[in-house]
Amino acid sequence: MLFVIMCNDKPDCNELRMAVRPQHLAYLKTYEKYIKVCGPLLNKDEKSCGSLIMIEMDDRAAAEGFADSDPYTKAGLFESVIIRPMKMIASDGKMLAT
């Protein structure tokens with residue numbers, strides 16, 4: 001099942017984000033085959049202010065475990081984390097069966 005994980009950074013945490021980024025990227029690499037889309041969310045100044053990850057996991061508990069184990073989460077970077085199941089109906093410019 002697909003899950004979207006949307007994380008919003010706490011204010012003024014760019015230094016923390018940059019310090020933990022190498023561990024975060026290494027962590028994502030271990031889940032590479034499950035990740036469909038991921039990247040930083042940007043504010044009006046085009047600076048990182050959060051993260052968005054679309055990941056294929058067996059169930060919500062697995063998605064929550066993934067999010068909880070992210071080095072960014074463990075470092076206390078996020079103000080909020082929202083996890084939602086998602087049904088994909090389009091990808092790569094093509095509509096999929098609904």
Side-chain angles (χ1 to χ4, degrees):
M1 172 175 256
L2 281 177
F3 290 90
V4 172
I5 303 170
M6 188 168 129
C7 310
N8 292 303
D9 291 0
K10 291 177 182 172
D12 302 317
C13 278
N14 194 56
E15 189 174 306
L16 175 60
R17 175 178 273 275
M18 291 299 105
V20 180
R21 188 172 186 264
Q23 296 95 320
H24 168 71
L25 294 176
Y27 178 72
L28 293 180
K29 185 80 172 156
T30 67
Y31 283 89
E32 187 173 28
K33 68 181 183 177
Y34 303 102
I35 296 173
K36 305 301 179 191
V37 173
C38 73
L41 298 172
L42 305 177
N43 64 19
K44 64 182 179 180
D45 299 321
E46 296 189 16
K47 296 193 184 221
S48 298
C49 64
S51 299
L52 182 108
I53 301 170
M54 181 189 301
I55 191 164
E56 181 108 23
M57 300 300 269
D58 289 336
D59 53 33
R60 183 178 181 86
E64 289 173 354
F66 168 82
D68 290 345
S69 296
D70 186 322
Y72 279 164
T73 302
K74 289 182 171 188
L77 176 64
F78 299 132
E79 182 172 69
S80 65
V81 176
I82 298 170
I83 301 173
R84 298 267 193 264
M86 181 189 161
K87 179 180 178 183
M88 190 174 312
I89 62 167
S91 180
D92 297 322
K94 295 183 180 167
M95 295 299 293
L96 307 171
T98 57

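No experiment lies behind these values; they were computed from the predicted model shown.
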Side-chain heavy-atom pair I89, M95 within 4.5 angstrom cut-off | yes
Same hydrophobic cluster for M86 and L96, using side-chain heavy-atom links shorter than 4.5 Å among ILVMFWY?
-> yes
Heavy-atom donor-acceptor pair, S69 side chain to G65 backbone, under 3.5 Å | yes
Heavy-atom side-chain contact between R17 and S51 under 4.5 Å | yes
To the nearest 0.5 angstrom, please state how far the CG atom of D70 sits from the NE2 atom of H24.
-> 5.0 Å
Straight-line distance of C38 SG to L52 CG, nearest 0.5 Å = 8.5 Å
Atom pair CD1/OG1 of I5 and T73 - distance to nearest 0.5 Å | 8.5 Å
Report whether M6 and M88 are members of the same hydrophobic cluster (ILVMFWY, side-chain heavy atoms less than 4.5 Å apart, transitive linking).
-> yes
What pairs of residues pass the ring-ring contact (aromatic ring centres under 6.0 Å, His included) test when at least one of them lies in residues 28-60, not counting sequence neighbours?
-> Y27-Y31, Y31-F66
Are M54 and F3 close enough that some pair of their side-chain heavy atoms sits under 4.5 Å apart?
-> no
If you look at every heavy atom in M57 and A62, which pair is closest and at what distance?
-> CE-O, 3.4 Å
Measuring from D9:CG to L77:CG, what's the distance to the nearest 0.5 Å?
-> 4.0 Å
Please determine which of V37, L28, V4 meets the side-chain contact (heavy atoms from CB on, under 4.5 Å) test together with I53.
-> L28
Under the side chain to side chain contact (heavy atoms under 4.5 Å, CB included) criterion, do C13 and F78 qualify, and how do the steps go?
-> CA-CA 9 Å; C13 278; F78 299 132; over 6 Å; no
Would you confirm whether R60, through its side chain, and I83, through its main-chain N or O, come within 3.5 Å as a donor-acceptor pair?
-> yes
Are any of the side-chain heavy atoms of M1 and E56 separated by less than 4.5 Å?
-> no
Taking the side chain as C-beta and beyond, is there a heavy-atom pair between E79 and P11 under 4.5 Å?
-> yes
With distance as the sole criterion, is a donor-acceptor pair present between the side chains of S48 and R21 under 3.5 Å?
-> no
D45 atom CG, over 12 foreign heavy atoms within 6.0 Å | yes
Start with the C-alpha gap between S80 and N8, add the side-chain angles, then the distance that decides, and say whether side-chain hydrogen bond (donor to acceptor under 3.5 Å, both in side chains) holds.
-> CA-CA 5 Å; S80 65; N8 292 303; 3.1 Å; yes
Which value, rounded to the nearest 0.5 Å, describes the distance between K47 atom NZ and N14 atom CG?
-> 7.0 Å
Could you tell me whether the side chain of K74 and the main chain of D68 form a donor-acceptor pair under 3.5 Å?
-> no
ILVMFWY network linking L25 to Y72, side-chain heavy atoms under 4.5 angstrom | yes
To the nearest 0.5 angstrom, please state how far the CG atom of L41 sits from the SG atom of C7.
-> 8.0 Å
